[in-house]
J.: 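Here it is: the structure, laid out below.
In the text below, chain A, chain B and the rest are named by the order of the sequence lines, each starting its count at 1.
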There are 2 protein chains.
Amino acid sequence: MTTQTTHCSKPSARTRILKLAETAIIQKGFAGTSIDELVAGAGITKSGFFYHFRDKSELAIALLERHFEQDDEILDSVFARARELTDDPLQMYLTGLKLLAEVVADLRENHPGCLVASICYQDQLFNREVRELNQRGTLTWRTRFGGYLREVAAKHPPKIDVDLDELADMISTLVEGGIVLVKVLKEPKLLSRQILLYRSFVRAVFAGV
Amino acid sequence: MTTQTTHCSKPSARTRILKLAETAIIQKGFAGTSIDELVAGAGITKSGFFYHFRDKSELAIALLERHFEQDDEILDSVFARARELTDDPLQMYLTGLKLLAEVVADLRENHPGCLVASICYQDQLFNREVRELNQRGTLTWRTRFGGYLREVAAKHPPKIDVDLDELADMISTLVEGGIVLVKVLKEPKLLSRQILLYRSFVRAVFAGV
DNA sequence: CTCGCTACTGTACCGATGGTGTAGTGATGA
DNA sequence: TCATCACTACACCATCGGTACAGTAGCGAG
């Protein structure tokens with residue numbers, strides 16, 4: 001065992017814990033995932049866990065950071081691709097949404113973003129840090145989608161009177177809620193269908209059909 | 001102490017636990033609410049708790065049942081009132097949504113429905129029973145809103161091609177996600193604004209504006 | 001070759017929490 | 001009078017998050 005970090009195949013214990021924790025939490029929730037279980041799975045001791053993380057909240061923070069980074073990368077690549085395919089801001093946004101719907105359909109069980117709600121609902125157990133991180137991540141979505149929508153509105157004056165920030169928040173709301181409903185109803189396609197419905201709404205707002 | 005159930009002012013211990021549990025869980029989550037805390041608040045002993053509930057899951061079940069009943073009553077009254085105010089199915093649905101937006105704005109912190117996600121995200125901790133109850137409750141929403149939408153579509157052929165069940169699910173999705181975002185962003189108005197946005201979409205679908 | 005650092009191990013312990021079991025009790029209704 | 005309901009009282013258990021602290025294998029810098 002011991003340190004095989006530098007030149008060996010095995011990823012560091014910290015990374016192993018993070019990976020294990022992510023899949024476990026998505027399946028069983030944060031409270032349902034014990035530290036003992038993670039250290040056993042990672043082949044380390046409890047002391048080893050607390051060497052890397054001061055407490056369980058710090059694990060949540062690390063997980064959320066990782067998750068938001070991955071989220072951002074996915075959205076970046078999706079909308080970068082959409083921008084390649086068309087020049088018009090509306091078409092690019094609509095294309096991006098279609099690509100996004102395909103991406104989340106692929107993710108199926110393994111939704112990141114589960115983490116946000118999973119951790120949000122523990123609430124009081126967590127410190128300010130976790131809540132603020134969660135908040136920042138969500139506001140990033142508002143900024144991103146709000147930005148796209150302002151580009152769209154500049155070229156295509158809205159036919160329906162809507163607040164662009166609220167329309168941006170709608171996608172976050174649908175994604176968070178969609179993840180809940182996918183779990184509750186066991187209908188994996190629900191989330192991507194809701195994104196496509198949102199897409200219809202956006203088109204109606206700016207193209208009038 | 002002892003039994004004051006039959007003729008006294010104090011509600012039964014079971015009811016007191018249920019009430020305490022509801023507010024505590026909404027604030028702190030299910031895992032963050034201890035049985036000891038509830039029995040202390042209700043002025044009974046731990047044995048008393050386990051006399052009424054086999055385990056903590058059974059408390060969750062009782063809470064969810066209560067919650068779904070209340071939900072149903074609220075929606076019944078909201079859409080009954082809307083039906084009083086207009087004859088046209090579209091106008092009645094739009095009015096109902098506006099009333100609903102006002103109701104959830106009033107509820108503020110005290111969102112029922114929090115429970116659904118709060119319990120859903122504990123997941124594995126719970127048995128099949130809890131999950132099925134959760135599922136049934138959500139399908140009730142689909143049936144209700146799907147029903148309204150079919151009435152609407154019968155009189156007002158949709159201008160935009162959408163699946164009515166998906167449009168019905170959209171309100172559930174927005175409510176569940178909205179509750180998450182209200183908590184994360186600490187923006188209590190977000191949920192009712194999302195409901196009003198949904199309302200704009202519905203109007204665009206059926207009235208074309 | 002030693003020194004200090006990183007990344008752990010091992011052991012022992014703590015309080016809170018969920019849960020079990022069993023015996024007993026006061027009030028109510030048939 | 002007797003059973004049932006709605007509990008109490010007390011003892012006990014495993015799990016879990018967390019603390020404390022001493023020790024150690026491997027690595028790079030000097």
J.: Please state whether the phosphate of dA6(D), meaning OP1 or OP2, lies under 4.0 angstrom from any side-chain nitrogen or oxygen of Y51(B).
T.: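 Yes, because at least one side-chain N or O of Y51(B) sits under 4.0 Å from OP1 or OP2 of dA6(D).
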
J.: Using whole Å, what does the distance between atom P of nucleotide dC8(C) and atom CZ of F53(A) come to?
T.: 10 Å

J.: Starting at atom CG of L38(B), determine the distance to atom P of dT17(C), rounded to an integer number of angstrom.
T.: 11 Å

J.: Can you tell me if R199(A) uses its side chain to pair, donor with acceptor, with the backbone of L97(A) under 3.5 Å?
T.: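 No; judged by distance alone, with no hydrogens or angles, the pair does not exist.
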
J.: Before giving the answer on side-chain hydrogen bond (donor to acceptor under 3.5 Å, both in side chains), spell out for T15(B) and S12(B) the whole-Å C-alpha distance, their side-chain angles and the decisive distance to 0.1 Å.
T.: CA-CA 5 Å; T15(B) 318; S12(B) 74; 2.7 Å; yes

J.: Checking side chain to side chain contact (heavy atoms under 4.5 Å, CB included) between L191(B) and each of L174(B), V182(B), V180(B), which is the one that passes?
T.: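 The passing option is V182(B).
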
J.: Could you walk me through whether E151(A) and R83(A) pass salt bridge (charged side-chain N to carboxylate O under 4.0 Å, His left out), step by step?
T.: CA-CA 12 Å; E151(A) 283 181 52; R83(A) 230 181 260 279; 3.1 Å; yes

J.: Using a cut-off of 4.0 Å between protein heavy atoms and nucleotide atoms, how would you tag nucleotides 9-21 of chain D 5' to 3' with B, S and -?
T.: BB-----SBBB--

J.: Please confirm whether the ring centroid of F145(B) lies under 6.0 Å from the ring centroid of F79(B).
T.: yes

J.: Just checking F201(A) against F206(A), ring centres under 6.0 Å apart?
T.: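 That pair fails the under 6.0 Å test.
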
J.: Does dC8(C) have OP1 or OP2 sitting under 4.0 Å from an N or O in the side chain of H52(A)?
T.: yes

